[in-house]
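All remarks here apply to the structure that follows.
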Amino acid sequence: MDTTDAPTPGTLRIGWIGAGRMGAAMATRLARAGEDVTVWNRTRSKAEALTDVGCSVADTIADLRGHDVVFTMVSTPADLEQVLVGEGGLLADPDHVPSVVVDCSTVSAESSAAMREACTERGVDFLASPVSGNGKVVTSGGLSLVVSGPEETYLRVAPLLEHLGKGATYVGEGDVARLAKICHNLMLGVVTQCLAEITVLAEKGGMPRAAFLEFLNNSVMGSVFTRYKSPAFVNLDYTPTFTPVLLRKDFDLGFAAAHDLDVPMPVAAATAAAVQASVSSGRLSEDFAILLDLQAAASGISLKPEDVVVDDGLGG
C-alpha cells in the first residue's frame, strides 16, 4: 500500500481496549512505531506493564472517548458489547465519542453488525478487523489482518494497521471480514488435524517426528503454519496459543454460515468431530495441538517428547 500521505506517527491519539496476550503485543507494536497509544484493560496491571514500551494507561474507558481511533481486542461478543455500549462504555456518551473504532476481536457477523449499528447511530465509523496470529506471531511481525467496513475509513487507518504486522487486506463493506476470519479458522482446524494424522502415520511407520516434519516443511506441502506448529508436535509442548474450546466456537460459527449459504463442508465436518473430542478430553487449557495426542491414542501409540530443537520459522 502507498503510504506517501500517511500521517506522521504520533499525530493521532490512539486508544486501545484489551491488553491480553494479543492486545498487549499489538499495542506494543504501535507504541514502538512511535504512535501515541493509551491502553485500558479490566485488570489494570496488564495495561501498566505496557508503560515500559511507551504506552499510557487509561483509568477508565471513558478516558478514551476523545481519541481519534480506538482499537478493541477482547475475548467474546459480550465483552465487546460491554466495552462499547455497556455502562461506562466507549459509546455511552453520544456527545463524546472517538472518530473510528477498529475491532480486532473474533466475533460473529451478527455481533459485529450490532456494534456497527451502535457506532453508526453515534456518528462513529466502525471497521471489523480480525487478525491471524498469536502473541509470538505479532512480536515477530507476522500478523495479518482482514478488514471490512467503509473503504474511506480503512484507507485512513491503514497506516496504523501496517505497524501491526504484514499489513491488512480490505475485503469489502459491512462485516464480511468476520466470515473471512471464520473461514481461516476452519482451515486452521482442518490443516492441524490432517497434520496430526500424517505425523502419527509416519511415526507408527518408524520415523521420528522431527525428521518427518523437517521433510514436510521443506517440501511444497510445507507452509508457514506447519513450520510454526512443528516444535509443539515434536516436543509435545502444548502451551496454549489457541484452545480447543475457542476452535470449537469458530467451527460452530463456520457451520452456521455454511448452513445459511447452503455450502456443504464434508472435510470440515469430519474435523469438527476431532475438535469436539479434544474438548471432551477435558484438556481445555492446553493448545489445540493436542489433536496430535488424540490421533496417537486412536492409533494405538503413546507419544513422547523428542527433545529436539526445531525452528518455528518465527525467530524462536
Side-chain angles (χ1 to χ4, degrees), residues 7-93 96-107 112 115 118-119 122 124-145 147 153 156-165 168 241:
T8 302
T11 58
L12 294 176
R13 296 183 67 208
I14 300 168
W16 194 282
I17 296 175
R21 222 170 9 234
M22 284 292 290
M26 294 167 72
T28 293
R29 287 191 65 87
L30 283 176
R32 286 180 170 164
E35 300 293 353
D36 178 1
V37 184
T38 302
V39 180
W40 179 88
N41 191 74
R42 183 178 291 113
T43 303
R44 183 184 173 90
S45 61
K46 292 185 177 181
E48 290 176 339
L50 298 178
T51 59
D52 290 344
V53 297
C55 294
S56 301
V57 178
D59 292 323
T60 67
I61 293 176
D63 294 336
L64 304 179
R65 291 174 184 161
H67 286 56
D68 298 298
V69 181
V70 176
F71 287 82
T72 51
M73 174 56 99
V74 295
S75 299
T76 69
D79 292 331
L80 181 60
E81 181 176 351
Q82 177 60 46
V83 300
L84 291 185
V85 299
E87 183 178 354
L90 188 68
L91 307 178
D93 180 356
H96 192 205
V97 292
S99 297
V100 179
V101 169
V102 182
D103 178 54
C104 299
S105 316
T106 298
V107 299
S112 184
M115 294 304 96
C119 284
R122 295 161 175 80
V124 179
D125 291 332
F126 181 86
L127 292 176
S129 184
V131 303
S132 171
N134 56 48
K136 187 172 184 180
V137 173
V138 177
T139 300
S140 73
L143 189 75
S144 57
L145 305 92
V147 187
T153 305
R156 290 208 321 267
V157 306
L160 300 179
L161 302 179
E162 292 291 322
H163 294 323
L164 296 174
T241 61

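Not measured: the values here are computed from a predicted model. Nothing fancy with the numbering, it's 1 onward along the sequence. These values consider heavy atoms only, across backbone and side chains, with no hydrogens, waters or symmetry-generated copies.
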Residues forming a salt bridge (charged side-chain N to carboxylate O under 4.0 Å, His left out) with D36, sequence neighbours excluded: none

Hey, could you give me each pair passing salt bridge (charged side-chain N to carboxylate O under 4.0 Å, His left out) that has a residue in residues 125-135? Not counting sequence neighbours. D125-R156

For V137, check side-chain contact (heavy atoms from CB on, under 4.5 Å) against everything at least two apart and list the hits. N134, L314

So D59 and R44, do their side chains get closer than 4.5 Å, heavy atoms only? yes

Quick one: NZ on K136 to OG1 on T241, what's the gap to the nearest 0.5 Å? 10.5 Å

For the backbone of L91 and the side chain of R122, can you confirm whether one donor and one acceptor N or O come within less than 3.5 Å of each other? yes

Mind checking whether V100 and V124 have side chains closer than 4.5 Å, heavy atoms only? no

Which residues pass the side-chain hydrogen bond (donor to acceptor under 3.5 Å, both in side chains) test with D52, sequence neighbours left out? none

Side chain to side chain contact (heavy atoms under 4.5 Å, CB included) partner of V69, the single match among L30, V157, V101, L127: V157

Considering only residues two or more places apart or on different chains, which pairs with a residue in residues 48-92 satisfy ring-ring contact (aromatic ring centres under 6.0 Å, His included)? W16-F71

Judged by atom type as modelled, is there a donor-acceptor pair below 3.5 Å linking the side chain of T38 to the main-chain atoms of V57? no

Less than 4.5 Å apart, side chain to side chain, heavy atoms only: is that true for L64 and I17? yes

All heavy atoms of L90 vs all of P98, minimum pair found to be CD2-CG, 3.8 Å

Residue set satisfying side-chain contact (heavy atoms from CB on, under 4.5 Å) with A33, at least two apart, ordered chain then number -> H163

Counterpart residues, side-chain hydrogen bond (donor to acceptor under 3.5 Å, both in side chains), relative to S129 (two or more places apart): none

Test side-chain hydrogen bond (donor to acceptor under 3.5 Å, both in side chains) applied to T72 - qualifying residues, sequence neighbours left out: D103

Could you list the residues that satisfy side-chain hydrogen bond (donor to acceptor under 3.5 Å, both in side chains) with S132, not counting sequence neighbours? H184

How many angstroms lie between atom CD of E35 and atom SG of C55, to the nearest 0.5 angstrom? 11.0 Å

If you round to the nearest 0.5 Å, how far is OG of S75 from CG of L80? 11.0 Å

List the steps, then state whether side chain to side chain contact (heavy atoms under 4.5 Å, CB included) holds for R29 with V138. CA-CA 8 Å; R29 287 191 65 87; V138 177; 3.6 Å; yes

Out of curiosity, S56 OG to I14 CD1, how far, rounded to the nearest 0.5 Å? 11.5 Å

Sequence neighbours excluded, which residues qualify as side-chain contact (heavy atoms from CB on, under 4.5 Å) partners of D68? L12, R13

Please give me the minimum heavy-atom distance between A31 and G54, naming the atom from each residue. CB-C, 4.4 Å

For N41 and A19, work out which heavy atoms get closest and say how close. OD1-N, 2.7 Å

Sequence-distant partners of R21, salt bridge (charged side-chain N to carboxylate O under 4.0 Å, His left out), two or more places apart: none

Can you see which heavy atom on I61 is nearest to which on G89, and at what distance? CG2-C, 3.9 Å

Nearest heavy-atom approach of A168 to V147 is CB-CG2, 3.7 Å

Nearest non-hydrogen partners of M26 and M73, listed with the distance: SD-CE, 3.6 Å

Going by the rule side-chain contact (heavy atoms from CB on, under 4.5 Å), which residues pair with R42 if we only count those two or more places apart in sequence or in a different chain? W40, D79

